[in-house]
Amino acid sequence: MFRPKVPTNPMPTGIVTPPTVVQPAAVVPSTQTPLPAAAAPAPSRPTVQLTPGALVAVVGGGTAVVLVVGAVLVSMLLAVAVTAVSLTICALVIRSLIASEGKHR
């Protein structure tokens with residue numbers, strides 16, 4: 001009952017063809033052709049030339065990225081601060097309510 005039952009593979013239902021035998025092909029050596037003359041090697045890395053306009057664009061893009069990341073971080077810090085202040089106010093109100101209820105009895 002608790003032993004797994006291994007399923008048996010069903011027999012093929014279509015026409016079964018025996019596998020074909022592939023005969024190895026003969027290897028015929030070819031005549032060697034002379035290699036073409038080597039061209040001048042291309043430089044491994046192209047040199048980057050920054051024009052004044054491109055330099056201004058790079059500096060502007062970097063400044064924009066720093067400003068955006070800074071704004072996101074400051075807004076996250078502000079959200080944490082606002083949450084902490086609101087939780088503090090809630091805790092003080094609840095504490096005050098509990099203390100005042102104890103005095104009325």
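In this text the structure is predicted, and so the values were computed from the model without any measurement. Residue numbers start at 1 and run along the sequence shown.
Side-chain heavy-atom separations under 4.5 angstrom define the hydrophobic clusters, and the remaining members of the one that includes Leu73 are Val65, Val69.
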Using distance only, find each side-chain donor-acceptor pair of residues 88-97 under 3.5 Å and give its atom names and separation, not counting sequence neighbours.
unit_1: Thr88; atom_1: OG1; unit_2: Ala84; atom_2: O; d: 2.7

Donor-acceptor contacts under 3.5 Å from residues 51-64 side chains, at least two apart:
unit_1: Thr51; atom_1: OG1; unit_2: Ala54; atom_2: N; d: 3.3
unit_1: Thr63; atom_1: OG1; unit_2: Val59; atom_2: O; d: 2.8

